[in-house]
Amino acid sequence: MADSFVHRTRGSAYFFPGIAFLAPSRKGGFNLPIEIVHTYLVHPNKNRVEPVAIVGSPVPHEGEMFDLMKSVYEKADTECDIGIAFKKAPGGAQANARRDMLTAYGAAPNLELGRSLAEQLGLVTTRRSGLGLLFLIKGKEETDHKVVISRFRANNGVLVNEAADMLTVEFIDRVFMKNAHSYKAVVYRHPSFQGGFWNGMAVDKQINSQDLESSDYWVKDFLLSDFITSPAFGTRRLAVALKKAIKATGDLEIKQQITAAATLASGLGADQISVDGFCEKFGFTPNAKAAVIEQLDRLDLATDNFLFNAEEFKKQLPLRTVELDNGAMLTADAGSFDKIFKHEAVADGEKLKFSTTGAVVSEKLEKGR
């Protein structure tokens, strides 16, 4: 079956071999580092006895779709901020089947080599993740080869009708562009396809959408890669830095600010974050932020991105303790401390009065600090 896409939007259309696009109001131009773009309609083929065939097409260097791909390509170097690396073969050998497919495509990009990647994505895509459009963008920037792989959900912004010999994808401009900011992307760049292309940088803008399985199936199953800083390791580093900062500082305001943030953080989802980003997210003062970053082994680790893992965070900071100037110490689960201990300001706000009610289940004496 010959591959064919038909694209329609409002306005007059013109035809490219096998493709019909809206005559663009502005053209992307041809003097660009982008050499070629291929797109594929990828069905959720995981666990299907008979996988649905992958149909693909080149994308002309003009029109609204190319403008969108040009934006994804250009932003990839700054937007993709989570490090990933292809897994090595069992025993540590420098071999990875998906990297072989990527470098083969990058060295000589064509529809069939790109289809091999799209087929692998389909085999790990579940119905929950749904139908998707995979884009492969190959460019050259000075001495670097650059390949960007991106996936958009196809069922929200694209109406799909399949016939025996043609795939029709009708792009509804208003609806599609509204969802055009929700996608996954990974960028690889290096002067050599033989020695390079082992590490890449990723971004997942679908992680808070309905695509809840995004990280594992996209990075681990499709790309056969792992995060350079794993979610558990990065989260542990953050939690330990917060814990050490609370102990190290004598500033009560800093202690309270870090403790409050740690309590709220247990409710965060699997967002990409860094130590620096965590401090910004919770509005740390410059002094509080500095107190946390000082606890890291290296200052550059403050901007190292990872996916937050709530369970790991709770393991590292399960308890919250408040010490009062009268010698009392109050301890409870960090996530429910404020529910267990009610407090109100007294003495014109200079002090706090805590209260709680419960049955005594154990009592112990400990050596003072």
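Just so we're clear, the structure is a prediction, and the values are computed from it rather than from any experiment.
In terms of heavy atoms, Arg48 sits closest to Pro51 at O-CD, 4.0 Å. Nearest approach of Ala241 to Leu296, heavy atoms of both residues: CB-CD2, 3.9 Å. Annotation for Asp144 and Arg189: closest pair OD2-NE, 3.2 Å, computed over non-hydrogen atoms. Scanning all heavy atoms of the two residues, the minimum distance from Ser116 to Leu113 falls at OG-O, 2.5 Å. Looking at every heavy atom in both residues, Ile54 comes nearest to Glu119 through CG1-CG, 3.7 Å. Between Lys255 and Ile246, the shortest heavy-atom distance links the atoms NZ-O, 2.5 Å.
In this structure the side chain of Ile254 never reaches within 4.5 angstrom of the side chain of Phe284, judged on heavy atoms. By the 4.5 Å heavy-atom criterion applied to side chains, Thr125 and Arg151 are counted as neighbours. Trp198 is listed as a side-chain neighbour of Gln94, based on a closest heavy-atom distance under 4.5 Å. With a 4.5 Å cut-off on side-chain heavy atoms, Phe354 and Lys342 do not count as touching. Side-chain contact between Glu35 and Lys140: present, with at least one pair of heavy atoms (C-beta onward) separated by less than 4.5 Å. No side-chain heavy atom of Val148 sits under 4.5 Å from any side-chain heavy atom of Met69. Using a 4.5 Å heavy-atom threshold, the side chains of Met201 and Asp77 count as separate. By the 4.5 Å heavy-atom criterion applied to side chains, Asp226 and Val219 are not counted as neighbours.
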Steps toward salt bridge (Lys or Arg N to Asp or Glu O under 4.0 Å) verdict (Arg237, Asp297)
CA-CA 9 Å; Arg237 178 196 293 152; Asp297 293 334; over 6 Å; no

Applying side-chain contact (heavy atoms from CB on, under 4.5 Å) to Val187 and Cys80, what does each step give before you reach the verdict?
CA-CA 7 Å; Val187 58; Cys80 297; 4.0 Å; yes

Given Leu102 and Phe86, is the side-chain contact (heavy atoms from CB on, under 4.5 Å) satisfied, shown in steps?
CA-CA 11 Å; Leu102 172 70; Phe86 285 112; 3.9 Å; yes

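The pair Asp325-Lys351 counts as a salt bridge, with a side-chain nitrogen and a carboxylate oxygen less than 4.0 angstrom apart. Ion pairing between Glu280 and Lys289 holds under the 4.0 Å rule for side-chain N and carboxylate O. Salt-bridge annotation for Glu311 and Lys315: absent, with no side-chain N of the basic residue lying under 4.0 Å from a carboxylate O of the acidic one.
Between Tyr188 and Phe197, the two ring planes are parallel [angle under 30°; tilted spans 30° to 60°]. In this pair, Phe135 and Phe152 present their aromatic rings perpendicular. The plane angle is above 60°, beyond the 30 to 60° band.
In this model, a donor atom of one side chain and an acceptor atom of the other lie less than 3.5 Å apart for Glu141 and Tyr73. Counted by atom type alone, Glu312 and Gln316 present one or more donor-acceptor pairs between their side chains at under 3.5 Å. At a cut-off of 3.5 Å, with distance as the only test, no side-chain donor of Gln272 or Asp204 sits close to an acceptor on the other residue. For Thr303 and Asp276, the side-chain atoms include no donor-acceptor pair closer than 3.5 Å.
The ring-ring contact (aromatic ring centres under 6.0 Å, His included) pairs that include a residue from residues 256-281 are Phe278-Phe282, where partners are two or more places apart or lie in different chains.
By the ring-ring contact (aromatic ring centres under 6.0 Å, His included) test, Phe222 pairs with Trp218, sequence neighbours left out.
Once rounded to the nearest 0.5 Å, the distance linking CZ of Phe306 with OG1 of Thr229 reads 8.5 Å. One finds the CD1 atom of Ile137 at 11.5 Å from the NZ atom of Lys70 (value rounded to the nearest 0.5 Å). The line from SG of Cys279 to CD1 of Ile258 is 7.5 Å long, rounded to the nearest 0.5 Å. Separating the CG atom in Leu352 from the CD atom in Glu344 is a distance of 9.0 Å, to the nearest 0.5 Å. In this structure, Arg153 CZ and Lys184 NZ are separated by 8.5 Å, a value rounded to the nearest 0.5 Å. Between atom CG of residue Leu111 and atom OH of residue Tyr105 there is a gap of 8.5 Å, rounded to the nearest 0.5 Å.
Put simply, the residue from Phe313, Phe227, Phe233 that forms a ring-ring contact (aromatic ring centres under 6.0 Å, His included) with Phe308 is Phe313.
The closest donor-acceptor contact from the side chain of His190 to the backbone of Ser192 lies under 3.5 Å. The closest donor-acceptor contact from the side chain of Thr249 to the backbone of Ala245 lies at 3.5 Å or more, if one exists at all. Between the side chain of Asp271 and the main chain of Ile273, no donor-acceptor pair closer than 3.5 Å is present. The closest donor-acceptor contact from the side chain of Tyr40 to the backbone of Arg115 lies under 3.5 Å. Put simply, the side chain of Thr235 gets close to the backbone of Asn309: a donor and an acceptor are under 3.5 Å apart. Looking at Asn305, its side chain does come within 3.5 Å of a backbone N or O of Asp81 through a donor-acceptor pair. The backbone N or O of Ala85 lies less than 3.5 Å from no partner atom in the side chain of Asn199, so there is not a single donor-acceptor pair. Side chain of Thr263 to backbone of Ala261: no donor-acceptor contact under 3.5 angstrom is found.
The environment of Lys243 atom NZ is dense: over 12 non-hydrogen atoms of other residues, nucleotides or ligands sit within 6.0 angstrom. Residue Lys281 qualifies as open at atom NZ: its count of foreign heavy atoms under 6.0 Å is 12 or below.
When hydrophobic clusters are built by joining Ile, Leu, Val, Met, Phe, Trp and Tyr residues whose side-chain heavy atoms come closer than 4.5 Å, directly or via intermediates, Leu131 is grouped together with Tyr183. Each of Ile228 and Leu223 belongs to its own hydrophobic cluster when Ile, Leu, Val, Met, Phe, Trp and Tyr are linked at side-chain heavy-atom distances under 4.5 angstrom. Residues Ile84 and Val203 are members of separate hydrophobic clusters, defined by side-chain heavy-atom contacts under 4.5 angstrom among Ile, Leu, Val, Met, Phe, Trp and Tyr. Hydrophobic clustering (side-chain heavy atoms under 4.5 Å, transitive across Ile, Leu, Val, Met, Phe, Trp, Tyr) keeps Val42 apart from Leu224. Linking Ile, Leu, Val, Met, Phe, Trp and Tyr residues whenever their side-chain heavy atoms come within less than 4.5 Å places Leu136 and Met101 in a single cluster.
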